[in-house]
Novice: 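The following block contains the structure, expressed as structure tokens.
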Amino acid sequence: MQTAIWKRSSSEGREKQIYVEAERAIAGTGLPLHSVAHEFARGAFDILGGANIVEAARYYKKHVDVDLPQIMAADAVEKFRAAKEAEGMSAMYLKDIRGLLGDFARDFQCSLSSIQAEDLRDYLNAKRVGLVSKENRRRMLVVLFNFAKTQGWLRANQETEADALGTYKIKRRDVEIYTPAEISRLLNAAESDFLPYLALIAFGRVRREELHNGLSRGAINFDRATITVPAAIAKTGRKRKIVMHENLLQWLSPFRVKSGPIFKIDPRKRIAKVVKASGVKWKRNALRHSFGSYRMEQTKNEGQVALEMGNSPQVVKDHYFEIVDDHLAKDYWSIKPATDDPKIVAIAS
């Protein structure tokens with residue numbers, strides 16, 4: 001009996017000592033013991049799965065700057081988009097922000113300042129998209145993170161985590177273009193209201209996205225032979241003036257008195273009909289690449305073609321220099337309606 005009493009007394013003494021030491025250890029927190037115990041259990045076991053909570057805290061202190069505003073990634077993306085909209089960036093650029101950063105905002109439910117370069121690299125590498133798409137996402141992340149620096153959400157004197165990402169090495173591929181005969185067959189097979197769509201891209205370096213965004217017939221000045229692409233729908237966000245070649249003027253002249261968008265509906269069904277009727281394979285971006293290639297051969301001036309296309313001279317030189325022969329370029333720029341009926345193509349062969 002006395003032995004049992006002694007054991008119980010000894011156990012109570014140890015428990016009291018543990019309690020006193022615990023109270024002393026948490027004295028600086030200002031929290032009650034049960035709150036500290038609860039938070040420890042939740043952090044070390046529920047969140048870390050039993051891992052060392054001290055090491056986790058050290059990692060957090062190293063990688064999370066508590067002096068910076070804790071702006072959530074999703075909020076940063078939305079503020080970035082709103083700022084670019086206020087700056088007058090094009091609808092296409094704002095669409096790119098939503099498309100390229102939307103899933104980033106959903107995947108990173110944390111403050112922007114806590115995101116590390118390795119987190120971004122893992123995120124990009126996990127995307128089941130091509131290298132071009134990954135590189136486009138990386139570039140947009142760099143712009144976002146540098147915008148965050150200007151807002152004081154990241155350290156102004158330090159490289160951002162996005163800047164630390166290496167670029168994706170994209171193998172340059174030869175561009176696909178149409179021969180003059182193929183362009184003629186496509187035009188000959190197109191329904192009349194689809195002709196401007198094909199002609200404006202092939203002969204007028206208009207981007208298909210600019211047509212999809214509602215480029216109107218009012219943008220075409222037949223007297224001055226120019227097309228003005230408004231900044232609101234231009235890919236670069238800058239107004240662009242296009243001087244029309246003589247054959248483009250002839251293709252568009254039957255539509256001179258019409259108004260409204262040139263061709264704003266989804267073109268895929270029309271493209272399928274043209275492909276079936278003409279027997280010509282549809283090649284992605286080949287209408288615009290055809291313009292660049294034949295125009296480069298015609299002018300021998302990458303600076304001029306870059307200005308006309310809204311690209312850089314280096315891109316034009318890399319993609320379009322010495323792609324076609326001189327006689328093919330002459331044939332290309334001679335493609336025009338043979339009569340008043342735009343469905344009769346002069347050099348269809």
Side-chain angles (χ1 to χ4, degrees), residues 25-32 35-49 51-127 129 133-168 232 236-237:
I26 69 167
T29 69
L31 298 172
S35 294
V36 175
H38 174 75
E39 287 299 303
F40 176 84
R42 191 164 71 95
F45 294 92
D46 295 348
I47 297 175
L48 297 176
N52 191 319
I53 194 170
V54 174
E55 289 303 314
R58 285 173 178 161
Y59 180 91
Y60 179 87
K61 184 177 180 180
K62 179 180 178 181
H63 292 89
V64 178
D65 197 330
V66 294
D67 294 332
L68 293 172
Q70 297 302 293
I71 303 295
M72 299 297 286
D75 293 335
V77 170
E78 178 54 31
K79 291 176 185 295
F80 171 60
R81 188 206 62 78
K84 294 305 173 184
E85 184 176 24
E87 291 172 11
M89 298 302 290
S90 69
M92 195 177 302
Y93 187 80
L94 298 177
K95 183 179 179 181
D96 282 346
I97 292 175
R98 289 190 293 270
L100 298 177
L101 295 180
D103 53 359
F104 164 78
R106 290 189 294 271
D107 289 352
F108 285 86
Q109 299 291 318
C110 59
S111 66
L112 198 70
S113 60
S114 70
I115 299 172
Q116 302 300 299
E118 57 265 32
D119 301 326
L120 295 173
R121 178 59 71 194
D122 290 345
Y123 157 75
L124 290 171
N125 287 340
K127 289 293 173 189
V129 296
S133 294
K134 288 181 180 180
E135 177 62 10
N136 288 340
R137 282 174 164 79
R138 185 198 67 81
R139 289 177 179 176
M140 190 63 80
L141 285 169
V142 170
V143 178
L144 169 66
F145 274 65
N146 280 284
F147 169 79
K149 280 177 66 171
T150 67
Q151 302 301 303
W153 306 337
L154 299 175
R155 290 294 180 196
N157 59 346
Q158 294 178 3
E159 182 182 66
T160 73
E161 296 300 316
D163 287 322
L165 294 172
T167 60
Y168 285 93
T236 59

Novice: Going from CG on Asp103 to CZ on Phe108, what distance comes out if it is rounded to the nearest 0.5 angstrom?
Specialist: 9.5 Å

Novice: Please lay out, stage by stage, how Gln151 and Ile71 fare under the test side-chain contact (heavy atoms from CB on, under 4.5 Å).
Specialist: CA-CA 10 Å; Gln151 302 301 303; Ile71 303 295; over 6 Å; no

Novice: So which atom in Val77 and which in Ala105 form the shortest heavy-atom distance, rounded to 0.1 Å?
Specialist: CG2-CB, 4.1 Å

Novice: State, to 0.1 Å, how close Gln109 and Arg106 come at their nearest heavy-atom pair, and which atoms those are.
Specialist: NE2-O, 2.8 Å

Novice: Any idea which heavy atoms bring Lys134 and Asn125 closest together, and the distance?
Specialist: NZ-O, 3.5 Å

Novice: Checking the side chain of Lys149 only, and the main-chain atoms of Gln158 only, is there a donor and an acceptor separated by less than 3.5 Å?
Specialist: yes

Novice: Determine the minimum heavy-atom distance between Ile97 and Phe80, stating which atoms define it.
Specialist: CD1-CE2, 3.7 Å

Novice: Which heavy atom in Gln70 sits nearest to a heavy atom in Ser111, and how many Å separate them?
Specialist: OE1-OG, 3.1 Å

Novice: Would you give the length of the straight line joining atom OG1 of Thr160 to atom CZ of Phe147, rounded to the nearest 0.5 angstrom?
Specialist: 13.5 Å

Novice: Less than 4.5 Å apart, side chain to side chain, heavy atoms only: is that true for Leu124 and Leu165?
Specialist: yes

Novice: One pair to check against side-chain contact (heavy atoms from CB on, under 4.5 Å): Phe145 and Asp163. What are the steps and the verdict?
Specialist: CA-CA 8 Å; Phe145 274 65; Asp163 287 322; over 6 Å; no

Novice: To the closest 0.5 Å, what do you measure between NZ (Lys95) and CZ (Arg98)?
Specialist: 8.5 Å

Novice: Working to the nearest 0.5 angstrom, can you tell me the gap between Met140 CE and Tyr93 OH?
Specialist: 4.5 Å

Novice: Does NZ or CZ of Arg121 lie under 6.0 Å from the centre of the six-membered ring of Tyr168, at an angle within 45° of the ring axis?
Specialist: yes

Novice: Taking atom NZ of Lys84 as the centre, does the number of heavy atoms from other residues, nucleotides or ligands within less than 6.0 Å exceed 12?
Specialist: yes

Novice: Hey, could you give me the CG/CD distance between Asp119 and Glu161, rounded to the nearest 0.5 Å?
Specialist: 8.5 Å

Novice: Atom NZ of Lys127 and atom CG of Asp107: how far apart are they, to the nearest 0.5 Å?
Specialist: 5.0 Å

Novice: What are the two closest non-hydrogen atoms of Ala73 and Ile115, and how far apart are they?
Specialist: CB-CD1, 4.3 Å

